[in-house]
Amino acid sequence: LARILGYKMSFTIANGLAEESPGILEVNRYVHTRMEKAWEDRDKAIKNGVTYRYEAPITVGPITYESEKVEGCDLRLIRGGMPTTFISDARQGVSDLVKATGSQAGINGTFFAMAAIKSTDNRLVGPSKTPEMAEVLPDMETTRWPKLRNRPLVMWGPYGAAIYPYQPATMVQDRAYREGMLDMTDCFLGGAWLVHQGMARTREQILATGSSDSMDYRRRAFFGFDMDGRPICGATYNSVTSEQFAVSLAEKGVSEAVLLDSGFSTSLVLGEKILASG
Amino acid sequence: PIPHAILLKGEVDKASEELAKKDEI
């Protein structure tokens, strides 16, 4: 309504708990008497450019594979095709999931809540949705919300993809996600934004939202989009930091990249061939 | 084994399949 009437911004004056907000456009965070505080918090929230966003159509083409050593990273990349996500009831290998879903390629997904190798728990860090789910499954573990704020929320539907900074308190209801993309079929929360608009993010920028072990040497994995809007994912065959990984991906022409779970879970598969593992 | 995966569906480029054979672990 504000836009129709020619205003640049507006605010609601309803008082209520932030976590009970109806959506991202109606956040019960500040009443009109606390505007000064809102501006202060806004300045803190955009530090390190965390309000970056990506929105583009998905370009679907043949699935291609390439490998190259770039900036000390043994990169193995798969691009093309149409992406879809899958959440297992327990835990499964990527090869089995590729086979079971009739897919041609796959990579391990995002970070899971229980890292123990013997665990069979399938809870993920952050919200998630697959085509099989009617609504987004929110992350209601409020104790980790402060750490997750502004991490890259990746979503797509049949016509386009987007990456937005995640705001846990206002992204609880499915409706909040639909405001970003009405026909969204898949979403998950990346561990850190590694490359944006073809530029590698700095160590400080990665650590501003990523976990403290982002700079550990691990076999790293990512998902994102190239300059043409094609999905691209890949992993390293050697152990590298997220900073090195980001630099090498930007060098290879990756436009947007978010960090996936890396280390023991790293797994890149094309058909029956395993090309990288943890 | 992992609880979440990103899968790609589409036609696989023939030359890429050959290249992947060399890198298979």
Side-chain angles (χ1 to χ4, degrees), chain A residues 60-67 76 78-94 96-98 101-114 117 120-124 128 130 186 188 223 231 233 237 260-261 265 267 269-277, chain B:
Chain A
V60 180
I63 294 172
T64 61
Y65 169 72
E66 59 209 282
S67 64
R76 297 185 165 194
I78 293 177
R79 74 175 91 200
M82 184 65 191
T84 188
T85 53
F86 187 88
I87 298 178
S88 173
D89 287 337
R91 294 185 183 190
Q92 281 178 272
V94 174
D96 296 336
L97 291 173
V98 166
T101 59
S103 306
Q104 282 66 50
I107 191 165
N108 60 285
T110 198
F111 292 74
F112 35 106
M114 303 293 282
I117 294 170
T120 56
D121 185 290
N122 71 350
R123 278 172 300 165
L124 303 177
S128 55
T130 70
D186 299 77
F188 68 88
F223 176 80
C233 62
Y237 194 59
L260 300 176
D261 205 311
S265 49
S267 184
V269 171
L270 179 67
E272 292 180 352
K273 295 175 272 297
I274 298 172
L275 299 163
S277 69
Chain B
I2 41 105
H4 182 239
I6 303 166
L7 305 161
L8 296 169
K9 291 188 175 189
E11 189 190 330
V12 181
D13 171 68
K14 293 285 174 209
S16 292
E17 261 186 49
E18 292 303 312
L19 183 61
K21 268 184 199 167
K22 291 180 193 164
D23 286 349
E24 186 176 6
I25 56 174

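Just so it is clear: chains get the letters A, B, ... in the order the sequence lines come, proteins before strands, and each one is counted from 1. All values below were derived from every heavy atom in this structure, side-chain atoms included, with hydrogens, water molecules and symmetry-related copies excluded. Please read all numbers here as calculations on a predicted model, not as lab measurements.
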>> Shorter than 4.5 Å, heavy atoms on both sides: which option in B:Leu19, B:Leu7, B:Asp13 has the most such pairs with chain A?
In response: B:Leu7
> Taking every heavy-atom pair that is under 4.5 Å apart, which of B:Pro3, B:Pro1, B:Ala20, B:Gly10 has the most such pairs with chain A?
Replying inline: B:Pro3
>> Quick check against the 3.5 Å criterion: does A:Lys273 have a side-chain atom that pairs as donor or acceptor with the backbone of B:Asp23?
In response: no
>> Strictly distance-based, threshold 3.5 Å: is any side-chain N or O of B:Ser16 a donor or acceptor partner for the main-chain N or O of A:Tyr65?
In response: yes
> Within a strict 4.5 Å, meaning less than it, do heavy atoms of the A:Cys233 and B:Ile6 side chains meet?
Replying inline: no
> Do B:Leu8 and A:Ile78 come close enough that some side-chain heavy atom pair is under 4.5 Å?
Replying inline: yes
Is it the backbone or the side chain of [X] that comes under 4.5 Å from a heavy atom of chain B, or both, or neither?
| X | answer |
| --- | --- |
| A:Leu97 | both |
| A:Phe223 | side chain |
| A:Ser128 | neither |
| A:Pro83 | both |
| A:Phe111 | neither |
| A:Ala90 | backbone |

Using a cut-off of under 4.5 Å for heavy-atom pairs, which of [options] has the most such pairs with chain B?
| options | result |
| --- | --- |
| A:Gly93, A:Ser88, A:Gly81 | A:Ser88 |
| A:Thr85, A:Thr84, A:Asn122, A:Leu124 | A:Thr84 |
| A:Asp186, A:Thr101, A:Asp89 | A:Thr101 |
| A:Val60, A:Thr130, A:Ile87 | A:Ile87 |

> Within a reach of under 6.0 Å around CZ of A:Arg123, are more than 12 heavy atoms found that belong to other residues, nucleotides or ligands?
Replying inline: no
> Taking all atoms of both residues into account, what is the closest heavy-atom pair of A:Leu275 and B:Ile25, and its distance?
Replying inline: C-CD1, 4.4 Å
> Please walk me through it: do B:Val12 and A:Leu270 pass side chain to side chain contact (heavy atoms under 4.5 Å, CB included)?
Replying inline: CA-CA 9 Å; B:Val12 181; A:Leu270 179 67; 4.2 Å; yes
>> With a 4.5 angstrom heavy-atom cut-off, is it the side chain or the backbone of B:Lys21 that approaches chain A, or both, or neither?
In response: both
> CD/B:Glu24 to CD1/A:Ile274 distance, rounded to the nearest 0.5 angstrom?
Replying inline: 7.5 Å
